[in-house]
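Please read the structure below before turning to the comments.
A, B, ... follow the sequence lines: proteins, then strands. Residue 1 opens every chain.
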There are 2 protein chains.
Amino acid sequence: MIDNFPDVSYTERVVKLKRVKTMTNRVRRTMPLLPISIVMQLTELTARQIRYYEEHELISPARTEGNKRMFSLNDVDTLLEIKEYLEQGLNMAGIKKIYNLKDQPENEKAEPKNISDAELRRILREEMQQLRSYERGGLRQGDLSRFFK
Amino acid sequence: MIDNFPDVSYTERVVKLKRVKTMTNRVRRTMPLLPISIVMQLTELTARQIRYYEEHELISPARTEGNKRMFSLNDVDTLLEIKEYLEQGLNMAGIKKIYNLKDQPENEKAEPKNISDAELRRILREEMQQLRSYERGGLRQGDLSRFFK
DNA sequence: ATTTTTATGTCAGGTAATGTAACATGTGAT
DNA sequence: ATCACATGTTACATTACCTGACATAAAAAT
């Protein structure tokens, strides 16, 4: 195996081996390796489904010269995740959303969408308008007991 | 306003005011305040839709003695979010998933689902099985040039 | 007492996900 | 070169989900 690098010094060998190793780890998951038939077996998805998910840009498999799809291991992972989400009842839009959220979790919780005080005042004013009549009925402002069991 | 707390010392007043204020901020968003007609106006959703989302447990409005729904401001917020997600094409399952993810972001990224080496070996073995015949065709092991443009 | 709002249930239509079929093209085997 | 098979593309059929529309009953408002 190490003989794949002939005519170089030992240190050069080490460098090249190291380079190959890190390359392998990083690249092997994005390399187009698998034809659709294999991916079908691995994921238990139909070709129709796989092509449909590509249509929705959830995966982007490479193509051979002959226009055949070639999938990476990352593609397979994604397809397995998609399958799981589908089994949970999500649709394409939902799955896309999930991936968007994963991409930028941004920690922009920014409070649970606090309605501004202006908005709140508007809301309550509107309701007060609707409730005006109640007041005549003797219901004191702030008495909401009738709202609860 | 401050006269709502007679017969107490100034410091006691401050404490009570503080308590009232935090109470107000925390509670006013969960208090059942709004009948469905108002919520329809605020959210521009139909009653049918609102009830459907309750059916899917995305909201849980309180009920009056007469079994009428009474919504909190949080409910309104949730409905507005639901509406936004729906406009983005999500379905009920997707929206539920989003809320689940929000509840426990757990930061359990746990690596991008690395296939174990065993798994990887299994995959490659399977493909090799499929490719056995190709080898006879003179394709050297490891020659994947045909996979790329 | 009458009218209006709300609750619940059912049916129907539109859309999304998938299956299926028809046909063209690429590719290994002979 | 030709055959057989895998894959690609496109069109139509099927199914489930979301929503509108309608019917009926109970509660609340007038």
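At distances below 3.5 Å, at least one donor-acceptor pair connects side-chain atoms of B:Lys83 with backbone N or O atoms of B:Thr43.
Rounded to whole angstrom, the span from the CD atom of B:Glu87 across to the C1' atom of D:dC18 amounts to 14 Å. Atom pair B:Lys83:NZ and D:dT19:P shows a separation of 11 Å (rounding to whole Å applied). Protein atom CD of A:Glu65 is 11 Å distant from nucleotide atom P of C:dG28, rounded to whole Å. If you take CD of A:Glu54 and P of D:dG8, they are 8 Å apart, rounded to a whole angstrom. Look at CD1 on A:Ile95: it is 15 Å from P on C:dA16, rounded to the nearest Å. With rounding to whole Å, A:Met40 atom CE is found 13 Å from D:dG8 atom C1'. Nucleotide D:dC18 holds its P atom 8 Å from the NZ atom of B:Lys96, rounded to whole Å. In this structure, CD1 of B:Ile50 is placed 16 Å from P of D:dC18, rounded to the nearest angstrom.
Listed pair B:Arg63 / C:dT8 meets the phosphate criterion, a side-chain N or O lying under 4.0 Å from OP1 or OP2. Contact annotation: B:Thr46 side-chain N/O to D:dT19 OP1/OP2 distance is not under 4.0 Å. A:Asn67 has a side-chain polar atom (N or O) that falls below the 4.0 Å cut-off from OP1 or OP2 of D:dT9.
Listed candidates were D:dA6, D:dC17, C:dA17. Nearest to the side chain of B:Tyr52 is D:dC17. Taking only side-chain atoms of B:Met92, from C-beta outward, the nucleotide of D:dC18, D:dT9, C:dA7 with the closest atom is D:dC18. The side chain of A:Asn91 lies closest to C:dA17 when the candidates are D:dC17, D:dA26, C:dA17. The side chain of A:Arg51 sits closest to D:dT9 out of D:dT19, D:dT9, D:dA27. Residue A:Thr64 places its side chain closer to C:dT27 than to any other of C:dA7, C:dT27, C:dT18. The side chain of A:Ile36 lies closest to D:dT7 when the candidates are C:dT18, D:dT9, D:dT7. Closest to the side chain of B:His56, out of D:dC18, D:dG8, C:dT18, is D:dC18.
Side-chain atoms of A:Arg48 and base atoms of C:dT20 include a donor and an acceptor less than 3.5 Å apart.
Each of B:Leu90 and B:Lys68 lies near DNA chain D, and the nucleotide nearest B:Leu90 is the one positioned closer to the 5' end. Both A:Tyr53 and A:Gly66 sit near DNA chain C, but only A:Tyr53 has its closest nucleotide nearer the 5' end.
The number of heavy atoms from other shown groups lying within 6.0 Å of CD (B:Gln88) is above 12. Within a 6.0 Å radius of CD in A:Glu87, more than 12 heavy atoms belonging to other residues, nucleotides or ligands are found.
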Between A:Thr78 and A:Asp75, does the side-chain hydrogen bond (donor to acceptor under 3.5 Å, both in side chains) criterion hold? Intermediate values first, please.
CA-CA 5 Å; A:Thr78 301; A:Asp75 289 331; 5.4 Å; no

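Salt bridge status for B:Arg29 with B:Asp77: present, with a side-chain N to carboxylate O gap under 4.0 Å.
In this structure, A:Leu45 and A:Arg51 have side chains that are not in contact, with every pair of non-hydrogen atoms separated by 4.5 Å or more.
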